[in-house]
Undergrad: 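Here it is, the structure in full.
Remember, it's a predicted structure, so these values are computed and weren't measured experimentally. In this chain, residues are counted from 1 in sequence order.
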Amino acid sequence: MPLSQRSTLTQFLIEERRRYPSASGDFNALILDVALACKAIARSVAFGELGGVMGNHGNTVNVQGEVQKKLDVISNDIFLRANEWGGHLSGMASEELEEPYAIPASFPRGKYLLVFDPLDGSSNIDVNVSVGSIFSVLRAPPEVAHGTRKLTVEDFLQPGTQQVAAGYAIYGPTTMLMLTVGSGVHGFTLDPNLGEFKLTHPDVMVPAETQEFAINASNSRFWEPPVKRYVDECLAGKTGPRGKDFNMRWIASMVAEAHRILMRGGVFMYPRDTKDSSKPGRLRLLYEANPIGMLMEQAGGRASTGRGPVLQIKPESLHQRIGLVFGSKNEVERIERYHDEPLPLKKADFETPLFAERSLFRD
Ligand code: AHG
Ligand code: MN
Ligand code: MN
């Protein structure tokens, strides 16, 4: 299709808004500010070593206890500066900030909250593998938006079902923005000549069936039995109970895994495990699991803790971690089923090759 016939992100948002005649336009302006932040981060990432942006940010660690990369800090600042001034937000929360960021008094407050992971997969920056930014839009309580009450952490602790919009930008061979405003998932590719996101992937759907899974297998000794069973069955391939071969991928950038799954299906698992009892999972609920979960569900896929829909979890803290399984619906449901089924065998039994043969564990 000739470039001129494709909608820009702006045109897409305006056309969506026409379906809600009472909408003020704040929401569209917010999404365009987020998109601008993503374009700025894409430029920083693209310059790499030439931009002096590689490597660690001194010896600082974030609230997660993880070493911050220079680009984590730069991306966080870009998000804050692009979104604080517009009057659409009452506050922001970020992976890189321990506490919520209240909109400074010099700017008007607005009716939304923005939650983000400014750079996901940042351990991959120095090896030139795709990274991205993930964001989630929530409604601010009216009293906070009107300035009669201060912003609190609790204002952000809304289940994922309350998200107004969610998306990510992926900084790969091409920069793309995948967005849902609650009416499906739509993909936009950054036209580097125009600096505009253009609609290239309308109405993305995740196929229900797949033969591809993603998990960090180095954690296998910490997996819970249902996860171990699922992976063992995939590995057993044609000769196992699934009767088909599976392919495996692990990029260690969740946005890149989510993107692959939106494009061609698959299942991603970073499940709860027994590695560290203080961390019930690796990924963060508010700015990783919930936005990716909304995208998956809007694309006909499924997102789960392994036990049930992740979007229904009531968050308890800003940086809460959670087990996360998402992607092709039939596989995610199968993993949930395995969590539901009683486990009559001892854990050691799952480690024998016999396990996959037992009729008890067949469909
Ligand atoms: P972040 O870079 O924002 O801290 O997130 C990294 C996450 C996620 O993108 C990825 O799936 C996971 O960490 C990788 O974990 P492992 O290093 O355990 O593979
Ligand atoms: Mn992340
Ligand atoms: Mn991050």
Undergrad: Taking the basic N atoms (NZ, or NE/NH1/NH2) and the acidic carboxylate oxygens, is any pair closer than 4.0 Å for E341 and R229?
TA: yes

Undergrad: Take N56 and K70 through the side chain to side chain donor-acceptor pair (under 3.5 Å) test and state the conclusion after the steps.
TA: CA-CA 5 Å; N56 292 348; K70 279 186 200 165; over 6 Å; no

Undergrad: Answer yes if the side chains of N219 and Y270 hold a donor-acceptor pair under 3.5 Å, and no otherwise.
TA: yes

Undergrad: Whether K69 and D126 form a salt bridge (side-chain N of Lys/Arg under 4.0 Å from carboxylate O of Asp/Glu) is what I want to check.
TA: yes

Undergrad: Going by heavy atoms in the side chains, are T189 and H201 under 4.5 Å from each other?
TA: yes

Undergrad: Say whether V164 and I103 are linked into one hydrophobic cluster, either directly or through other cluster members, by side-chain heavy-atom distances under 4.5 angstrom.
TA: yes

Undergrad: How about CD on E66, more than 12 heavy atoms from neighbouring residues, nucleotides or ligands closer than 6.0 Å, or not?
TA: yes

Undergrad: For N83, enumerate each residue passing the side chain to side chain donor-acceptor pair (under 3.5 Å) test, keeping only those at least two apart in sequence or located in another chain.
TA: none

Undergrad: Whether K329 and E333 form a salt bridge (side-chain N of Lys/Arg under 4.0 Å from carboxylate O of Asp/Glu) is what I want to check.
TA: yes

Undergrad: With sequence neighbours left out, what residues match S278 under side chain to side chain donor-acceptor pair (under 3.5 Å)?
TA: D276

Undergrad: Can a donor-acceptor pair be found, under 3.5 Å and without considering hydrogens, that links the side chain of S24 to the backbone of D26?
TA: yes

Undergrad: Hey, mind stepping through K238 and D245 against salt bridge (Lys or Arg N to Asp or Glu O under 4.0 Å) and telling me if it holds?
TA: CA-CA 5 Å; K238 270 202 180 92; D245 288 337; 3.7 Å; yes

Undergrad: Is it true that a side-chain atom of Q320 and a backbone atom of E316 form a donor plus acceptor pair closer than 3.5 Å?
TA: yes

Undergrad: List, by chain and then residue number, the residues other than V127 in its hydrophobic cluster (Ile/Leu/Val/Met/Phe/Trp/Tyr, side-chain heavy atoms under 4.5 Å); write none if there are no others.
TA: V129, I251

Undergrad: For the residue pair L283 and R321, establish whether any side-chain heavy-atom pair is separated by less than 4.5 Å.
TA: no

Undergrad: Working to the nearest 0.5 Å, report the span between CG of L97 and CZ of F79.
TA: 12.0 Å

Undergrad: Can you name the one residue among V73, I74, D72, L80 that meets side chain to side chain contact (heavy atoms under 4.5 Å, CB included) with N76?
TA: L80

Undergrad: Is there any side chain to side chain donor-acceptor pair (under 3.5 Å) pair reaching into residues 254-267, and which pairs are they, with sequence neighbours excluded?
TA: Y168-H259, E212-R264, E257-R260

Undergrad: What pairs with T305 under side chain to side chain contact (heavy atoms under 4.5 Å, CB included), at least two apart in sequence or on another chain?
TA: R307, V310, I313, I322

Undergrad: Can you list everything that forms a side chain to side chain donor-acceptor pair (under 3.5 Å) with E288? Sequence neighbours excluded, please.
TA: R284

Undergrad: Applying side chain to side chain contact (heavy atoms under 4.5 Å, CB included) to M269 and F326, what does each step give before you reach the verdict?
TA: CA-CA 7 Å; M269 289 164 277; F326 65 76; over 6 Å; no

Undergrad: Passes side chain to side chain donor-acceptor pair (under 3.5 Å), T210 versus E331? Steps please.
TA: CA-CA 7 Å; T210 184; E331 295 301 303; over 6 Å; no

Undergrad: Can you name the residues that form a salt bridge (Lys or Arg N to Asp or Glu O under 4.0 Å) with E196, not counting sequence neighbours?
TA: none

Undergrad: Taking atom CG of L262 and atom CD of Q298, what is their separation to the nearest 0.5 Å?
TA: 11.5 Å

Undergrad: Using the rule side chain to side chain contact (heavy atoms under 4.5 Å, CB included), only one of Q162, E297, M296 pairs with L311; which is it?
TA: E297

Undergrad: Would you check, one step at a time, whether the test salt bridge (Lys or Arg N to Asp or Glu O under 4.0 Å) holds for E233 with K244?
TA: CA-CA 10 Å; E233 289 182 2; K244 59 179 186 177; over 6 Å; no

Undergrad: Under a 4.5 Å cut-off applied to non-hydrogen side-chain atoms, are L286 and L157 in contact?
TA: yes

Undergrad: Tell me if the aromatic rings of W250 and F268 count as close, with their centers under 6.0 Å from one another.
TA: yes

Undergrad: Are the side chain of H88 and the backbone of F27 linked by a donor-acceptor contact shorter than 3.5 Å?
TA: no

Undergrad: Please tell me whether L190 and I78 are part of a single hydrophobic cluster in this structure, the criterion being side-chain heavy atoms less than 4.5 Å apart.
TA: yes

Undergrad: If you apply the rule side chain to side chain contact (heavy atoms under 4.5 Å, CB included), what do you find for M54 with I125, and how did you get there?
TA: CA-CA 7 Å; M54 307 300 265; I125 291 165; 3.9 Å; yes

Undergrad: Going through the checks in order, is the side chain to side chain contact (heavy atoms under 4.5 Å, CB included) test met by Y230 and R242?
TA: CA-CA 10 Å; Y230 177 78; R242 302 295 307 271; 3.7 Å; yes

Undergrad: Considering only distance and modelled atom types, tabulate donor-acceptor pairs under 3.5 Å from the side chains of residues 172-188, sequence neighbours left out.
TA:
{"from": "T180", "atom 1": "OG1", "to": "G182", "atom 2": "N", "distance (Å)": "3.0"}
{"from": "T180", "atom 1": "OG1", "to": "G184", "atom 2": "O", "distance (Å)": "2.9"}
{"from": "S183", "atom 1": "OG", "to": "E16", "atom 2": "OE1", "distance (Å)": "3.0"}
{"from": "H186", "atom 1": "ND1", "to": "D203", "atom 2": "N", "distance (Å)": "3.0"}
{"from": "H186", "atom 1": "NE2", "to": "S183", "atom 2": "O", "distance (Å)": "2.9"}

Undergrad: Would you say F12 and I31 make side-chain contact, with heavy atoms under 4.5 Å?
TA: no

Undergrad: For residues 129-160, which residue pairs pass the ring pair (Phe, Tyr, Trp, His ring centres under 6.0 Å) check, not counting sequence neighbours?
TA: none

Undergrad: Show which side-chain atoms of residues 40-53 pair as donor or acceptor with protein atoms under 3.5 Å away, not counting sequence neighbours.
TA:
none

Undergrad: If the condition is salt bridge (Lys or Arg N to Asp or Glu O under 4.0 Å), which residues does R139 pass it with, not counting sequence neighbours?
TA: none

Undergrad: When you compare the side chain of L324 with that of M254, does any pair of heavy atoms fall below 4.5 Å?
TA: yes

Undergrad: Taking C-beta and beyond as the side chain, do E95 and L119 meet within less than 4.5 Å on heavy atoms?
TA: no

Undergrad: Test of understanding: with ring pair (Phe, Tyr, Trp, His ring centres under 6.0 Å), list the residues that count as partners of Y171, not counting sequence neighbours.
TA: none

Undergrad: The test is side chain to side chain contact (heavy atoms under 4.5 Å, CB included); show your working for W85 and S106 and say whether it passes.
TA: CA-CA 8 Å; W85 63 273; S106 48; over 6 Å; no

Undergrad: Hey, mind stepping through N216 and S218 against side chain to side chain donor-acceptor pair (under 3.5 Å) and telling me if it holds?
TA: CA-CA 6 Å; N216 182 345; S218 71; 2.7 Å; yes

Undergrad: Do E224 and K228 meet the salt-bridge criterion of a basic N to acidic O distance under 4.0 Å?
TA: no

Undergrad: Between R282 and D273, is any pair of side-chain heavy atoms under 4.5 Å apart?
TA: no

Undergrad: Taking the basic N atoms (NZ, or NE/NH1/NH2) and the acidic carboxylate oxygens, is any pair closer than 4.0 Å for K150 and D155?
TA: no

Undergrad: Working to the nearest 0.5 Å, report the span between OG of S122 and CG of L71.
TA: 8.5 Å

Undergrad: If you measure from the Lys or Arg side-chain nitrogens to the Asp or Glu carboxylate oxygens, is any gap between K111 and E143 under 4.0 Å?
TA: no

Undergrad: Measure the spacing between OG1 of T152 and CD of E99 and express it to the nearest 0.5 Å.
TA: 11.0 Å

Undergrad: Do Q163 and S136 come within less than 4.5 Å of each other through their side chains, counting heavy atoms only?
TA: yes

